[in-house]
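Scroll down for the structure; my scribbles are underneath it.
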Amino acid sequence: MAVSLSTCYGMRAFPSFECRSDPDFSGPEIPTSDGRSRFTSKISKSHGSLGLSSLILRFPPDFVRQLSNKARRNCSNIGVAQVVAASWSNNQPPKSVATDSANGSVVEEIEVVNPLSFLSSDGSLAIHAGERLGRGIVTDAITTPVVNTSAYFFKKTSDLLDFKEKRSVSFEYGRYGNPTTVVAEEKISALEGAESTLLMASGMCASTALLLALVPAGGHLVTTTDCYRKTRIFIETILPKMGIKATVIDPADMEGLEAALEENNVSLFFTESPTNPFLRCVDIELVSKMCHSKGALVCIDGTFATPLNQKALALGADIVLHSATKFIGGHNDVLAGCISGSMELISTVRNLHHILGGALNPNAAYLILRGMKTLHLRVQHQNSTALRMAEILEAHPKVKRVYYPGLKSHPEHHIAVRQMTGFGGVVSFEVDGDLHTTAKFIDNLKIPYIAPSFGGCESIVDQPAIMSYWDLSQADRAKYGIFDNLVRFSFGVEDFEDLKTDILQALEAI
Ligand SMILES: Cc1ncc(COP(=O)(O)O)c(C=O)c1O
């Protein structure tokens with residue numbers, strides 16, 4: 001079910017990353033180049049159970065001068081919270097004097113209460129100082145902080161009970177959620193028009209968790225012939241252990257889909273669109289109508305499309321899946337996978353995922369967030385380069401066939417034009433030659449890396465017969481349409497003319 005953007009923004013599972021508020025905070029005091037404060041807030045004297053961030057904000061602009069040498073040395077390298085902690089570990093609880101920013105005269109003397117005074121040893125301080133009882137959280141950082149924690153604490157048992165009995169929301173354990181990851185999930189939900197998104201450790205983690213959660217033991221699913229090999233292996237060899245059967249249809253075989261829905265109690269139609277590596281396109285609107293009329297769900301693996309080129313949920317799919325390792329991350333530096341859809345469906349998968357345990361590392365979530373800031377720029381460029389190069393390759397005498405949904409010759413071009421706003425950055429093609437000639441072409445390329453992935457800033461090329469299908473005999477590869485001369489080219493964000501020159505010179509060399 002698709003939802004509007006305005007709906008999905010309000011549907012986060014946890015509050016977004018928020019700073020712990022300080023009731024006394026009236027603006028930071030930032031020393032200017034002349035040593036004066038930019039803000040002139042007077043300092044109140046209500047200490048009570050101050051958190052560390054409160055203490056920090058109570059220091060006058062020249063507070064550093066009152067700290068120990070050790071703290072002062074550290075000051076240029078580390079944050080304010082650590083400076084204060086360093087002064088404690090030097091057995092010098094900070095005393096502070098409030099000064100008038102205009103003339104530097106003393107306004108008020110403040111006795112700073114050390115909230116960690118119950119900790120008496122350096123060892124305990126090393127663990128808790130700076131972090132316990134309120135951190136100095138940076139409220140105005142442009143970027144989302146990486147929260148590297150495996151668990152979340154509750155100040156007291158009643159807070160834990162409030163959480164357990166749903167009177168309050170909180171994180172609990174790293175496998176169940178993380179604030180950095182939630183921000184990335186919300187970003188993907190916004191692009192997909194989804195109520196909810198679940199990020200996981202890889203694309204395979206996302207597809208296996210989804211299949212296990214949404215197809216019951218003894219159930220039936222429908223999938224398509226052309227797809228990522230490991231997904232096919234999971235469907236063909238692991239799901240049968242739970243008595244789950246699959247009907248495999250050609251992406252265009254709507255009669256086959258109709259028959260499979262008629263003859264079996266199908267729970268799920270799971271397909272890529274475009275598919276890997278032939279970029280076949282499934283009519284998402286049509287298959288969704290067909291499946292829904294028989295009570296089956298539809299999941300589209302839209303990795304090749306990206307959330308920008310294709311809105312699978314708006315077209316009628318129930319869930320859209322991505323290997324975020326590819327275009328979403330976009331920098332060939334992180335593994336991740338995600339599913340987006342209604343809160344109800346995603347929660348069903350989330351509950352199983354909490355047991356299976358393929359949680360995304362928060363540092364990886366940050367890389368996803370960082371990568372996504374340029375997703376639209378990268379995808380526009382990659383769409384354009386891929387389409388222009390697909391046309392050039394199709395006209396080249398040393399290229400036998402090109403597979404790209406943006407080409408009129410593509411079997412589902414008419415569907416792609418209807419449901420995609422761009423055709424993606426990957427082009428597959430067959431060189432006019434055998435395994436060795438094709439390898440020679442690849443080895444003559446200077447820009448792309450020979451590697452198994454796609455969707456990143458760096459162009460990547462691979463020969464599926466030697467990469468993902470190398471363990472199969474030539475005859476077995478042919479059953480999947482993988483011939484020795486097939487090349488999959490993922491266009492990065494390099495200059496179009498450079499890529500064109502490189503590909504043409506490599507074709508010349510064979
Ligand atoms: C279409 C598609 N889906 C899923 C995956 C699996 O993603 P990951 O490598 O992030 O596990 C891949 C991997 O190449 C893929 O091509």
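Counting starts at 1 for both ligands and their atoms, in listed order.
- Here the closest non-hydrogen pair linking F489 and P448 is CZ-CG, 3.7 Å.
- Looking at Q382, its side chain does come within 3.5 Å of a backbone N or O of F491 through a donor-acceptor pair.
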Inset, instruction - Could you go through the salt bridge (charged side-chain N to carboxylate O under 4.0 Å, His left out) check for D476 and K479 one step at a time? - result: CA-CA 5 Å; D476 282 341; K479 284 184 202 156; 2.8 Å; yes

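- Within a 6.0 Å radius of OH in Y449, other residues, nucleotides and ligands contribute 12 heavy atoms or fewer.
- Protein residues having a heavy atom under 4.0 Å from any atom of ligand 1 are S202, G203, M204, Y228, E272, N276, D301, T303, F304, S323, T325, K326, A336, F454, listed by chain and number.
- The backbone N or O of A336 lies less than 3.5 Å from a partner atom in the side chain of T325, making a donor-acceptor pair.
- Judged by a 6.0 Å distance limit and a 45° cone about the ring axis, R378 is not positioned over the six-membered ring of F327.
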